[in-house]
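Keep in mind the model is a prediction, meaning the values are calculated, not measured.
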Amino acid sequence: MAFQLTAGSCERLNNATPSEEDVFNQPHTVQFLSIKKVNTTNASSSAVDRYRIIMSDGIHFIQAMLATQLNSMVQDNTIGRHTVAVIEKLTCNYVQEKRLIIILSLRVLAHSAEKIGEPKQMEAPHDPAASVTPVTNTIETFAPPPPVPITKPSKPAEQVTSKDGGPSVYPIEGLSPYQNSWTIKARVTQKSEIKTWSNQRGEGKLFNVTLMDETGEIRATGFNLVVDELYPKLEEGKVYYISKARVNLAKKKFSNLANDYELSLERNTEVVECHETANVPMIKYSFVPLSGLQDLEKDSVCDVIGVVKEVSALSEITSKATNRQIPKRELTLVDKSGFSVRLTLWGKQAEQYNAEDSPVIAFKGVKVGDFGGRSLSMFSSSTMHVNPHLEECFALRGWYDSSGAEQSFHAHSSAGGGASTMSFNRAEIRSLDDVKQAGFGLPDKPEYFSARATIMHIKADNISYPACPTQNCNKKVIQDGDSWRCEKCEKSFEAPEHRYIMSLAVADASGQAWFQGFNEVGTTIFGKTANELIAIRDSNSAQYNVLLHKANCNTYNFSCRAKQDTYNENTRIRYGISRIYPLDYKEEAMALRDLLYSSWAR
């Protein structure tokens, strides 16, 4: 199939000034001659992938950068060498006195086609108004913008009036410390509380907001007098023109946004509300199903949406750092994956929460913890939206009202007393003696390993503990007369829900070790809940002993955590079971077959 490229596009883009918006906003059909990954370094000294593209109109070729939100098009092979595409939106930027064209939006016509024409390299643009040196078109000599500011300022882009009466705008994607004059048009997607501090240098206050446009997000922070001026003016959900703020390197320890830069709001920063909001997106979510939380690393950040099944009473904890009382409230979320998780609200969010009738809530940027298996927690840059106008919300509402409210849910259990950061890895099974000789768990750093071992003995005493029946609580309850009292929930129950807490001796060909496991382990080994097993123990001790005996001499695959602890001044290594897997003999046979094949091939 023959394609007609937009002749003259490269020349017009190469010579256009930033004020010529029509050139950058009109479609250009081009062909990509090459795509090359360029590694830059962000504020936390980690590599950031950017893609440099040589694009041709059949007559000339020029160089451009792909906006980072389009990186996936390269990574999943949607675009490549000789792709024909319609560039729907671009922007022009000046970095270190070099002209930089950034592709913001494109549509693929053909993944690969024959090279069209014999394009030549464009000469430098003749633009005395810009007084800048163009980006060199030779691939070998191109260098991405350095990650630190330079002292020599570049020529600011010219500002013109846009169609809605406001100034021309820069995309957030294109902001860097190299521009002295810019305006962004962005939506406030998150606004923090006002925070105060006091130290040897004095006292102060600050707040921050997350700003978003169609190209990306950026964090902005205001201090002291700026708080008084701008905090009441900026409202979540509204769109503003913002200019005359300082662009700094992002402090990654305070932000989870995928942006190397952040804004410092100053006393001369201009903030004007924009009522034309059609082209500014609402919050972008990347939801993770609750069943998928187990696959996320501890302290990672994610977006979730779920139905609030339970709400705890407002409580307080004492901060170790400040010795202040911090309000907290816990929500139990459920979704169609059949899992539940506990999410903690803090501060004013906890105090002001008053949603009723099992609302659907979308959370953005919550932190993943491993308490009780998997848990979630809001922090300063997190946002929550009750009953948002999203398809996912409508689907959850319909599911929960029709059947979900009566459904039982799986909690993310922590079978070894703490969530594992690994699953069972058959290729890296270690013998018990190897684990001991390698010193796993020394001195205080938990280490994870996979093992295959056979149960030799289960301690029959203290095989379970009476736990709170409230979902996701699991705290030990105390018998108080004819009832059982949970101090955490401040509730009494007719009967507890027993949960396994097991100590078992296991062995393999190399030796023996003691493993500790919790509820999931006991349920897998006995095929019964702890309540059912304790009922048998209390009514028929002979049958109970038979069940214990039958549990011996069975082999399992284990994911374990080795950690040193001290009890009664005795230091030892404890091996906690994170996950337990019954053997799948077909799968084990296939693994042995593959091992034989690989040995034969060598």
Ring center gap for Phe515 and Phe558 short of 6.0 angstrom: yes

What do you reckon, are the aromatic ring centroids of Phe207 and Tyr231 less than 6.0 Å apart? yes

Nearest heavy-atom pair of [X] and [Y]: which atoms, and what distance?
{"X": "Ala350", "Y": "Arg329", "answer": "O-NE, 2.9 Å"}
{"X": "Leu548", "Y": "Ala460", "answer": "CD1-CB, 3.5 Å"}
{"X": "Val227", "Y": "Pro232", "answer": "O-CD, 3.8 Å"}
{"X": "Asn208", "Y": "Arg219", "answer": "ND2-NH2, 2.9 Å"}
{"X": "Leu314", "Y": "Pro327", "answer": "CD1-CB, 4.1 Å"}
{"X": "Arg397", "Y": "Pro359", "answer": "NH1-CA, 3.9 Å"}

Please report the interatomic distance [atom1]([X]) to [atom2]([Y]), rounded to the nearest 0.5 Å.
{"X": "Leu376", "Y": "Cys302", "atom1": "CG", "atom2": "SG", "result": "5.5 Å"}
{"X": "Ser559", "Y": "Ile580", "atom1": "OG", "atom2": "CD1", "result": "10.0 Å"}
{"X": "Met212", "Y": "Leu257", "atom1": "CE", "atom2": "CG", "result": "11.0 Å"}
{"X": "Arg579", "Y": "Ser450", "atom1": "CZ", "atom2": "OG", "result": "11.5 Å"}
{"X": "Cys274", "Y": "Ile184", "atom1": "SG", "atom2": "CD1", "result": "12.0 Å"}
{"X": "Leu331", "Y": "Thr344", "atom1": "CG", "atom2": "OG1", "result": "8.0 Å"}

Between [Y] and [X], is there a salt bridge with N-O shorter than 4.0 Å?
{"X": "Lys284", "Y": "Glu217", "result": "no"}
{"X": "Glu351", "Y": "Lys348", "result": "no"}
{"X": "Glu88", "Y": "Arg107", "result": "yes"}
{"X": "Glu330", "Y": "Arg342", "result": "yes"}
{"X": "Glu487", "Y": "Lys475", "result": "no"}
{"X": "Lys185", "Y": "Glu273", "result": "no"}
{"X": "Asp213", "Y": "Arg187", "result": "no"}
{"X": "Arg561", "Y": "Glu447", "result": "no"}

Can you find a pair of side-chain heavy atoms, one from [X] and one from [Y], that are under 4.5 Å apart?
{"X": "Val288", "Y": "Asp303", "result": "no"}
{"X": "Val307", "Y": "Leu333", "result": "no"}
{"X": "Leu106", "Y": "Ile79", "result": "yes"}
{"X": "Ile463", "Y": "Leu533", "result": "yes"}
{"X": "Leu263", "Y": "Thr221", "result": "no"}
{"X": "His549", "Y": "Asn545", "result": "no"}
{"X": "Lys528", "Y": "Ile536", "result": "yes"}
{"X": "Phe363", "Y": "His385", "result": "no"}

Is it the case that the side chains of [Y] and [X] hold a donor-acceptor pair, with the cut-off being a distance below 3.5 Å and no angle test?
{"X": "Asn557", "Y": "Glu588", "value": "yes"}
{"X": "Thr78", "Y": "Asp76", "value": "yes"}
{"X": "Thr210", "Y": "Gln190", "value": "yes"}

What do you reckon, is [atom1] of [X] surrounded by more than 12 foreign heavy atoms closer than 6.0 Å?
{"X": "Lys191", "atom1": "NZ", "value": "yes"}
{"X": "Asp538", "atom1": "CG", "value": "yes"}
{"X": "Lys89", "atom1": "NZ", "value": "no"}
{"X": "Glu494", "atom1": "CD", "value": "no"}

Is a side-chain N or O of [X] found less than 3.5 angstrom from the main chain of [Y], in a donor-acceptor match?
{"X": "Tyr240", "Y": "Lys233", "value": "yes"}
{"X": "Ser541", "Y": "Arg537", "value": "no"}
{"X": "Asp480", "Y": "Ser483", "value": "no"}
{"X": "Arg374", "Y": "Leu293", "value": "yes"}
{"X": "Ser464", "Y": "Tyr500", "value": "no"}
{"X": "Ser300", "Y": "Leu296", "value": "no"}
{"X": "Asn554", "Y": "Ala551", "value": "yes"}
{"X": "Glu532", "Y": "Thr529", "value": "yes"}
{"X": "Asn531", "Y": "His498", "value": "yes"}

Checking salt bridge (charged side-chain N to carboxylate O under 4.0 Å, His left out) for the pair Glu262/Lys251: CA distance, chi angles, key distance, verdict? CA-CA 8 Å; Glu262 63 186 18; Lys251 299 179 179 64; 3.5 Å; yes

Start with the C-alpha gap between Asp335 and Ser337, add the side-chain angles, then the distance that decides, and say whether side-chain hydrogen bond (donor to acceptor under 3.5 Å, both in side chains) holds. CA-CA 5 Å; Asp335 70 2; Ser337 70; 2.5 Å; yes

Take Lys476 and Glu497, measure what salt bridge (charged side-chain N to carboxylate O under 4.0 Å, His left out) needs, and give me the verdict at the end. CA-CA 9 Å; Lys476 185 176 181 179; Glu497 178 179 313; over 6 Å; no

Verdict with supporting geometry, Lys336 and Tyr400, side chain to side chain contact (heavy atoms under 4.5 Å, CB included): CA-CA 8 Å; Lys336 291 194 289 185; Tyr400 190 78; over 6 Å; no

Can you list the steps and then say if Leu343 with Ile361 is a side chain to side chain contact (heavy atoms under 4.5 Å, CB included)? CA-CA 11 Å; Leu343 184 144; Ile361 302 183; over 6 Å; no

Using the salt bridge (charged side-chain N to carboxylate O under 4.0 Å, His left out) rule, take Lys367 and Asp299 through it: C-alpha gap first, then chi angles, then the decisive distance, then the call. CA-CA 6 Å; Lys367 187 176 182 180; Asp299 295 329; 3.7 Å; yes

Applying side chain to side chain contact (heavy atoms under 4.5 Å, CB included) to Met502 and Phe518, what does each step give before you reach the verdict? CA-CA 6 Å; Met502 304 177 62; Phe518 283 75; over 6 Å; no

Under 6.0 Å from the ring centre and within 45 degrees of the ring axis: does the NZ or CZ of Lys459 meet both conditions for the six-membered ring of Trp514? yes

Only pairs at least two apart or in different chains count here, so list each ring pair (Phe, Tyr, Trp, His ring centres under 6.0 Å) that has a residue in residues 329-355. Phe339-His410, Phe339-His412

